[in-house]
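Structure, as structure tokens:
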Amino acid sequence: MKRRGSFCARSVHDVAPELVGATGLVDGVGGKIVEVEAYHHEDPAAHSFGGRTQRNATMFGPPGHAYVYRSYGVLWCVNFVCEEGSAVLIRALEPTHGLEVMAQRRGTTEPRLLAAGPGRLAQALGLTGEHDGLPLDRPPFELYAAEDVAIVVGLRVGITKAAELPWRYGEAGSKSRTSRIRPLRRS
DNA sequence: CCTACGATCCCCT
DNA sequence: GGGGATCGTAGGC
């Protein structure tokens, strides 16, 4: 996308909604991002809250890199690093490229189960801890500017701290999201 | 359709 | 030594 290098070097609250509708590929496999969550460094739910550690070191590095961490010991989740130790968790995408590869990695051809959910998405795109810290503006990554899509805003899921913050963004009406977002507002 | 729960690893305190 | 930014399966309705 234009301004690719600096796109993430802004507030996570600006970057997160603008990523909805963008297309992201890894080695040519991926699709349209339809759901994300923002994690700010002053937000108790963020991994970077409380300062730099071994696991979250990438979040404190330069913006525009991938922060990949292991979740529940069994899966990987992918974030785009933004400014000041904040990041956008990529929660779901609508598969458009490399459907057969995704189906093989996921062990299903059911479209809804390919990349709806952060763990499924990482598996479908072949992302693991080896991608942690890699720049997003170079291969194997490709990013393309967002379509003009209607956005729904709601509460983040799966967290216990700061659960009331409306920092989850999705494409309105998408069938490739993880679940219904009870809309707080639209834009 | 829905809810409940176990798996399984690192990182962190 | 505890606890997840989750997923799949099992079972009930």
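By convention in this document, chain letters (A, B, ...) are assigned in the order of the sequence lines, proteins followed by strands, and residues within each chain are numbered from 1.
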inquiry  = Can you list every stem that DNA chain C is part of, counting only runs of 3 or more consecutive Watson-Crick or G-U wobble pairs with both distances under 3.5 Å?
reply    = B:1-7 with C:6-12, B:9-12 with C:1-4
ask   = Once you round it to whole Å, what is the distance between P of dC10(B) and CG of D132(A)?
value =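 My rounded result for the distance is 14 Å.
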query = What's the OH-C1' distance between Y67(A) and dC10(B), to the nearest Å?
reply =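 Interatomic distance, OH of Y67(A) to C1' of dC10(B): 11 Å.
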If you take all heavy atoms of [X] and [Y], which pair is closest and at what distance?
| X | Y | answer |
| --- | --- | --- |
| A146(A) | E18(A) | CB-O, 3.5 Å |
| F141(A) | A66(A) | CZ-CB, 4.3 Å |
| G133(A) | H65(A) | O-ND1, 2.9 Å |

ask   = Is the side chain of R91(A) donor-acceptor paired with the backbone N or O of Y169(A) at a distance under 3.5 Å, no angle test?
value = no
Can you check nucleotides 4-7 of chain B for protein contacts, nitrogen or oxygen pairs under 3.5 Å, and list what you find?
none

ask   = If you pin T160(A) and A116(A) to their nearest nucleotides in DNA chain C, which one's is more 5'?
value =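 It is T160(A), whose closest nucleotide lies nearer the 5' terminus.
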task = Take R120(A) and H47(A), find for each the nucleotide of DNA chain C with the closest heavy atom, and name the residue whose nucleotide sits nearer the 5' end.
result =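 Result: H47(A).
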ask   = Between T108(A) and R120(A), does a side-chain hydrogen bond (donor to acceptor under 3.5 Å, both in side chains) hold up when you go through it step by step?
value = CA-CA 11 Å; T108(A) 177; R120(A) 294 170 179 149; over 6 Å; no
query = What residue pairs, at least two apart or across chains, pass side-chain hydrogen bond (donor to acceptor under 3.5 Å, both in side chains) with a residue in residues 69-86 of chain A?
reply = none
key: Members of residues 39-46 of chain A that approach DNA chain C, where some heavy atom sits under 4.0 Å away   = Y39(A), A45(A)
Do [X] and [Y] come close enough that some side-chain heavy atom pair is under 4.5 Å?
| X | Y | result |
| --- | --- | --- |
| Y144(A) | L25(A) | yes |
| L75(A) | Q123(A) | no |
| H97(A) | E142(A) | no |

Across the strands shown, which category fits [X] at heavy-atom distances under 4.0 angstrom: base, sugar-phosphate, nothing?
| X | result |
| --- | --- |
| Q54(A) | sugar-phosphate |
| R91(A) | sugar-phosphate |
| L89(A) | base |

request  = Quick one: pull up CG in L114(A) and CG in L121(A) and give me the separation to the nearest 0.5 Å.
outcome  = 10.5 Å
key: Apart from F49(A) itself, residues in the same hydrophobic cluster as defined by side-chain heavy atoms under 4.5 Å   = none
message = Between R177(A) and E171(A) (salt bridge meaning N to carboxylate O under 4.0 Å), is one present in this structure?
response = no
ask   = Taking atom CD of E110(A) as the centre, does the number of heavy atoms from other residues, nucleotides or ligands within less than 6.0 Å exceed 12?
value =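 Check passes, neighbour count above 12.
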key: Opening and closing nucleotides of DNA chain C in contact with chain A, under 4.0 Å to non-hydrogen atoms   =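 The footprint of chain A covers dG4(C) to dG8(C).
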